[in-house]
Amino acid sequence: VDTGRVVGMYGVLHDITEKHQSEESLRNSEEKTRLIMDASLDAIIWIDSNGAILYWNPQAESTFGWTKEDVLFQNLIEIIAPEYVKAEYISILENYLQRADDTFMNQLIERKAINKEKTEFPIELTVIPVQQNDEIFFAVFIRNISERKRFSDELKMSEKRYRNLFFMSPLPMWVCDWEARFLDVNDAAVRHYGFSREEFLQM
């Protein structure tokens with residue numbers, strides 16, 4: 001007779017230890033990746049196929065002056081690109097999405113950027129497309145090269161001043177290597193010794 005009383009129970013148990021271990025391993029891996037990106041000397045930015053910012057590391061904050069909270073889900077091109085290059089950046093993104101044109105992908109290129117104060121500066125950047133299921137994301141690596149460009153410009157100016165002094169000197173002057181072969185001579189040396197510059201360089 002059914003009295004309505006519970007007289008027993010039936011249950012099924014599943015061992016989910018392996019599942020928990022896999023999830024923990026995945027979390028640890030993601031955490032390590034995040035720590036590495038946060039510690040990078042380059043600005044690392046993730047954007048979706050519309051250019052919206054999904055990740056913005058501390059170096060990006062330092063480089064551009066915007067915090068992660070300021071820029072999350074904002075359009076990267078609108079934030080860091082000077083007006084005169086925005087169309088180029090948009091075209092690069094569209095060409096890749098529409099025609100798989102990877103001319104500018106995975107390449108180290110020099111361009112201009114602006115920070116929060118609208119100050120323009122030179123950058124090196126690499127854009128790496130990442131396919132995840134049916135979605136495409138882009139990892140953008142950016143480095144401010146202002147100091148390197150300044151040093152390079154100063155070096156060029158120094159070399160130019162040296163060459164001007166070298167060639168304009170009224171005294172015969174030349175440059176030799178360790179084996180005493182002529183590498184360069186000035187006009188005064190050509191006039192004084194009667195050899196052409198080409199003849200000097202063959203001596």
Side-chain angles (χ1 to χ4, degrees), residues 23-162:
E23 290 175 347
E24 183 67 20
S25 177
L26 179 60
R27 281 195 295 270
N28 288 339
S29 176
E30 290 174 345
E31 178 66 11
K32 287 177 183 176
T33 300
R34 186 188 65 78
L35 290 173
I36 290 171
M37 290 195 296
D38 283 353
S40 172
L41 296 177
D42 290 335
I44 301 178
I45 304 161
W46 283 76
I47 61 173
D48 65 15
S49 58
N50 294 314
I53 297 168
L54 306 175
Y55 173 78
W56 182 268
N57 77 338
Q59 187 59 34
E61 293 187 0
S62 175
T63 300
F64 296 102
W66 299 97
T67 67
K68 179 175 64 177
E69 291 72 24
D70 291 331
V71 301
L72 209 57
F73 306 119
Q74 301 295 315
N75 187 280
L76 176 65
I77 295 173
E78 292 297 329
I79 288 175
I80 73 165
E83 281 296 329
Y84 62 89
V85 294
K86 282 183 180 178
E88 179 193 4
Y89 288 1
I90 293 171
S91 175
I92 290 172
L93 191 62
E94 289 178 347
N95 284 343
Y96 180 81
L97 293 172
Q98 295 172 8
R99 296 188 289 275
D101 180 1
D102 61 353
T103 304
F104 290 93
M105 298 294 164
N106 301 299
Q107 304 289 326
L108 185 64
I109 57 177
E110 283 192 21
R111 287 296 186 273
K112 296 287 187 178
I114 55 173
N115 60 18
K116 186 177 182 179
E117 306 302 324
K118 304 299 182 183
T119 302
E120 186 174 303
F121 56 95
I123 60 171
E124 277 182 348
L125 80 154
T126 303
V127 181
I128 300 176
V130 179
Q131 183 88 31
Q132 187 177 50
N133 299 324
D134 295 329
E135 294 184 271
I136 296 178
F137 299 90
F138 298 90
V140 185
F141 299 84
I142 298 175
R143 177 168 295 184
N144 184 341
I145 58 172
S146 298
E147 284 299 307
R148 194 175 77 197
K149 293 287 285 186
R150 182 182 63 79
F151 177 77
S152 176
D153 291 344
E154 289 178 354
L155 183 60
K156 288 177 182 177
M157 286 297 296
S158 177
E159 290 174 347
K160 184 177 180 180
R161 286 193 295 268
Y162 157 75

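Everything numeric here is computed off the predicted structure, so don't read it as measured data. All values below were derived from every heavy atom in this structure, side-chain atoms included, with hydrogens, water molecules and symmetry-related copies excluded.
Pairs engaging residues 56-82 under the salt bridge (charged side-chain N to carboxylate O under 4.0 Å, His left out) rule: Glu78-Lys86 [sequence neighbours left out].
Considering CG of Leu108 and OG1 of Thr126, their distance stands at 4.5 Å, rounded to 0.5 Å. Note: Asp42 CG to Asn144 CG = 10.5 Å, rounded to the nearest 0.5 Å. The distance from the CG atom of Asp48 to the CD1 atom of Ile53 is 10.0 Å, given to the nearest 0.5 Å. Interatomic distance, Phe141 CZ to Asn106 CG, rounded to the nearest 0.5 Å: 10.0 Å. In this structure, Trp46 CH2 and Leu76 CG are separated by 14.0 Å, a value rounded to the nearest 0.5 Å. Distance CH2/Trp56 to CD1/Ile47: 11.0 Å, rounded to 0.5 Å.
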Going through the distances and angles, do Leu125 and Ile109 end up as a side chain to side chain contact (heavy atoms under 4.5 Å, CB included)? CA-CA 6 Å; Leu125 80 154; Ile109 57 177; 3.6 Å; yes
Between Phe73 and Leu54, is a side chain to side chain contact (heavy atoms under 4.5 Å, CB included) present by the stated rule, with each step listed? CA-CA 6 Å; Phe73 306 119; Leu54 306 175; 4.2 Å; yes
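Side-chain contact between Trp66 and Gln74 is absent, with no heavy atoms from C-beta onward closer than 4.5 Å. Side chains of Arg143 and Arg148 form no contact here, defined as non-hydrogen atoms less than 4.5 Å apart. Using a 4.5 Å cut-off on side-chain heavy atoms (C-beta onward), Ile142 and Ile80 make contact. When side chains are defined from C-beta on, Met105 counts as touching Ile92, because their heavy atoms get closer than 4.5 Å. Two residues are said to be in side-chain contact when any heavy atoms from C-beta on lie closer than 4.5 Å; Leu93 and Ser49 fail this criterion.
Contact detail for Ile114 and Pro82: the closest heavy-atom pair is CG2-CG, 3.8 Å. The minimum heavy-atom distance linking Ile45 with Ala60 is given by the pair CG1-CB, 4.1 Å. Taking every heavy atom of both residues into account, Val85 and Lys112 meet most closely at CG2-O, 4.4 Å. Residues Phe121 and Asn115 come closest through the heavy atom pair CE2-N, 3.7 Å.
Of the possible donor and acceptor atoms, one in the side chain of Asn57 sits under 3.5 Å from a partner among the backbone N and O of Ile44. A donor-acceptor contact shorter than 3.5 Å links the side chain of Thr63 to the backbone of Gln59. The backbone N or O of Ala52 lies less than 3.5 Å from no partner atom in the side chain of Asn50, so there is not a single donor-acceptor pair.
In this structure, Gln131 places its CD atom where more than 12 heavy-atom neighbours from other residues, nucleotides or ligands lie under 6.0 Å away.
Ring planes of Tyr96 and Phe138: perpendicular class, angle over 60° (limits at 30 and 60°).
By the salt bridge (charged side-chain N to carboxylate O under 4.0 Å, His left out) test, Arg150 is found to be paired with Glu147, Glu154, residues two or more places apart in sequence or in another chain being considered.
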